Structures are given as C-alpha cells and as structure tokens.
Undergrad: 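I have a structure I would like to understand better, so I am pasting it below and will then ask my questions one at a time.
It should be emphasised that the depicted structure is a prediction, and the values quoted were computed from it without experimental measurement.
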Amino acid sequence: MDDEIIVRELKRPAMYEFAGNEKQFEENIMDNIDLICAGLGLPEIVEADEQRMIKVDGFFIRPDIIARHIDGSMTVFEVKKVNEKYPATGPTNQMTAVGQLLPYGNVLSAKIDGKVRLALIDSKIYYRTYCAFIGNKLPITLIDFQKDRVFVPYNGWGGVYGCTSDG
C-alpha cells in the first residue's frame, strides 16, 4: 500500500467507535481473532487465550491475547482502546504497548520453539504512533480494528499491509 494512502487513512477520524471499555473491546477481538489472523495472512489458529498468566524464571507476564498457530508460531496482541474522555492520550497509550510487547516477545521466544509475532491492536491507530514505529523500525505490527475492518498501516514482521473490509 502506498505511504500517502496510509497517512491519509491514519489522519481520518475513526469510522466506527467501539461502545465499551478496553476489556469489552478485547473480548470483541477474541470473538473475531480467527478472522483477524486470516486477514493478516497468518496460519490457522489452534488455540487462543485471553489474559493468560505465564511464569518465567520467577516473574510473570500476562499478554492480552495469545494465538498459537498450526505451524507452532505464536502471535501476541496487546489491546489498547481510545479513552473517550481523554482522546489525546491515545498515542501515548499506544506507545506504552511497545514496553509491554517487546519483553513478551523475548520471554515467549525463549519458552517456545517457534516464531513469535507481536501486534498492537486498537480501534484507531494514530499517525504519531505510526511515525514512531516507522522511525524506529519496531518489530511490532500495528492493527486498526473497527467493526468489520482491519487496517494494517505498519507491519513489523512482514506480510500483509492495507485494509480488509466487508464495506
């Protein structure tokens, strides 16, 4: 997808606002995880967990969503949702996901014999977040998930860019 189209799409207001809190948004993503992963061109999911506590060397991690794929790989999704009361905090909240996802990736890579993909999923990916990811070449994919639309403005692990939608 052309960079100009990506930037234009990121600067547009959200087409659909999820009515609910971050936990409800996470549950909505879990309900659609097979479709999201298929839209990203990922292998079939054999197991998906939400908020699973994993102990590693005396400490715990708890990723929002983990999908195990048929090929032995894993995708970790950190879920963020725009705070409707304070929408200006959106880019900052998205950047905190970097500090969560990178350790998850390191820990899980050491624990499984397979590839670990990292993804930040939100109902609106901000242009400022995109710029930070592009500027630092982060190994995390950005996913804008709105109702029946999955928009991937930045793919840190290769694969599909762009938008899949029913409308």
Undergrad: Taking side chain as C-beta onward, heavy atoms only, is Tyr104 less than 4.5 Å from Ile61?
TA: yes
Undergrad: Determine whether Arg12 and Tyr127 make a side-chain contact, defined as any pair of heavy atoms from C-beta on separated by less than 4.5 Å.
TA: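 Contact flag for Arg12/Tyr127 side chains = no.
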Undergrad: Quick one: are Ile65 and Val76 in side-chain contact, heavy atoms under 4.5 Å?
TA: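 When only atoms from C-beta onward are counted, Val76 and Ile65 do not touch, as no gap falls below 4.5 Å.
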Undergrad: Side-chain contact test, heavy atoms from C-beta onward, threshold under 4.5 Å: evaluate it for Ile143 versus Phe77 and give yes or no.
TA: yes
Undergrad: Please give me the minimum heavy-atom distance between Leu142 and Thr129, naming the atom from each residue.
TA: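 Heavy atoms only, the tightest pair is CD2-CG2, 4.0 Å.
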Undergrad: Only counting residues at least two apart or in another chain, list the ones meeting salt bridge (charged side-chain N to carboxylate O under 4.0 Å, His left out) with Glu26.
TA: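 Glu26: salt bridge (charged side-chain N to carboxylate O under 4.0 Å, His left out) contacts with Lys23.
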Undergrad: Can you confirm whether Pro91 sits close enough to Tyr130 that some side-chain heavy atom of one is under 4.5 Å from a side-chain heavy atom of the other?
TA: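 No, too far: nothing below the 4.5 Å cut-off.
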Undergrad: Roughly how far, to the nearest 0.5 Å, is CG of Asp31 from CD of Glu50?
TA: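 One finds 8.5 Å between CD of Glu50 and CG of Asp31.
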Undergrad: Between Gln94 and Lys124, does any side-chain donor sit less than 3.5 Å from a side-chain acceptor?
TA: no
Undergrad: Between the main-chain N or O of Asn21 and the side-chain N or O of Gln24, is there a donor-acceptor pair closer than 3.5 Å?
TA: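 Present.
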Undergrad: Kindly write out the residues that satisfy salt bridge (charged side-chain N to carboxylate O under 4.0 Å, His left out) with Asp49, not counting sequence neighbours, or none if the list is empty.
TA: Arg52
Undergrad: Grab the two heavy atoms, one from Ile70 and one from Pro43, that are nearest each other, plus how far apart they are.
TA: CG2-CB, 4.1 Å
Undergrad: Could you tell me the separation between the CE atom of Met15 and the OG atom of Ser123, rounded to the nearest 0.5 Å?
TA: 12.0 Å
Undergrad: Closest heavy-atom contact between Lys80 and Ala97?
TA: CE-CB, 4.0 Å
Undergrad: Distance-only, no hydrogens or angles: does the Thr96 side chain make a donor-acceptor pair with backbone N or O of Asn93 under 3.5 Å?
TA: yes
Undergrad: Distance from Leu10 atom CG to Ile5 atom CD1, nearest 0.5 Å?
TA: 12.0 Å
Undergrad: How far does NZ of Lys115 sit from CG of Asp71, to the nearest 0.5 angstrom?
TA: 9.0 Å
Undergrad: Identify the heavy atoms of Ile121 and Phe25 that sit nearest to each other, and give their distance.
TA: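 Shortest heavy-atom separation between Ile121 and Phe25 comes out as O-CE2, 4.3 Å.
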Undergrad: What closest approach, in Å, do Ala48 and Ile33 show between heavy atoms, and which atom pair accounts for it?
TA: CB-CG2, 4.3 Å
Undergrad: Within this structure, what is the NZ-CG distance for the pair Lys81 and Asn28, rounded to the nearest 0.5 Å?
TA: 11.0 Å
Undergrad: Take Ser73 and Arg117 through the test side chain to side chain donor-acceptor pair (under 3.5 Å) and record every step on the way to the result.
TA: CA-CA 8 Å; Ser73 68; Arg117 295 174 204 84; 3.1 Å; yes
Undergrad: Any non-hydrogen side-chain atom of Ile45 less than 4.5 Å from a side-chain atom of His69?
TA: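 SC-SC contact between Ile45 and His69 confirmed.
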Undergrad: Has Trp157 got a side-chain atom pairing as donor or acceptor with Leu118's backbone, closer than 3.5 angstrom?
TA: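 Confirmed, Trp157 side chain pairs with Leu118 backbone.
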Undergrad: Hey, could you give me each pair passing salt bridge (Lys or Arg N to Asp or Glu O under 4.0 Å) that has a residue in residues 134-144? Not counting sequence neighbours.
TA: Asp144-Arg149
Undergrad: Going from CD1 on Ile29 to CZ on Phe18, what distance comes out if it is rounded to the nearest 0.5 angstrom?
TA: 8.5 Å
Undergrad: Test Ile54 against Phe60 for side-chain contact (heavy atoms from CB on, under 4.5 Å), laying out the working first.
TA: CA-CA 5 Å; Ile54 300 169; Phe60 294 91; over 6 Å; no
Undergrad: Do Val150 and Leu35 come close enough that some side-chain heavy atom pair is under 4.5 Å?
TA: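 Heavy-atom side-chain distance check fails, nothing below 4.5 Å.
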Undergrad: Is Ile134 reachable from Phe151 through a run of I, L, V, M, F, W or Y residues, each pair having side-chain heavy atoms under 4.5 Å apart?
TA: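 As far as the 4.5 Å side-chain criterion goes, Ile134 and Phe151 are connected within one cluster.
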Undergrad: If hydrophobic clusters are built by linking Ile, Leu, Val, Met, Phe, Trp and Tyr wherever their side-chain heavy atoms come under 4.5 Å apart, do Leu102 and Val116 end up in the same one?
TA: yes
Undergrad: Any side-chain heavy atom of Arg68 within less than 4.5 Å of one from Thr75?
TA: no
Undergrad: If you look at every heavy atom in Ile125 and Pro153, which pair is closest and at what distance?
TA: CG2-CG, 4.1 Å
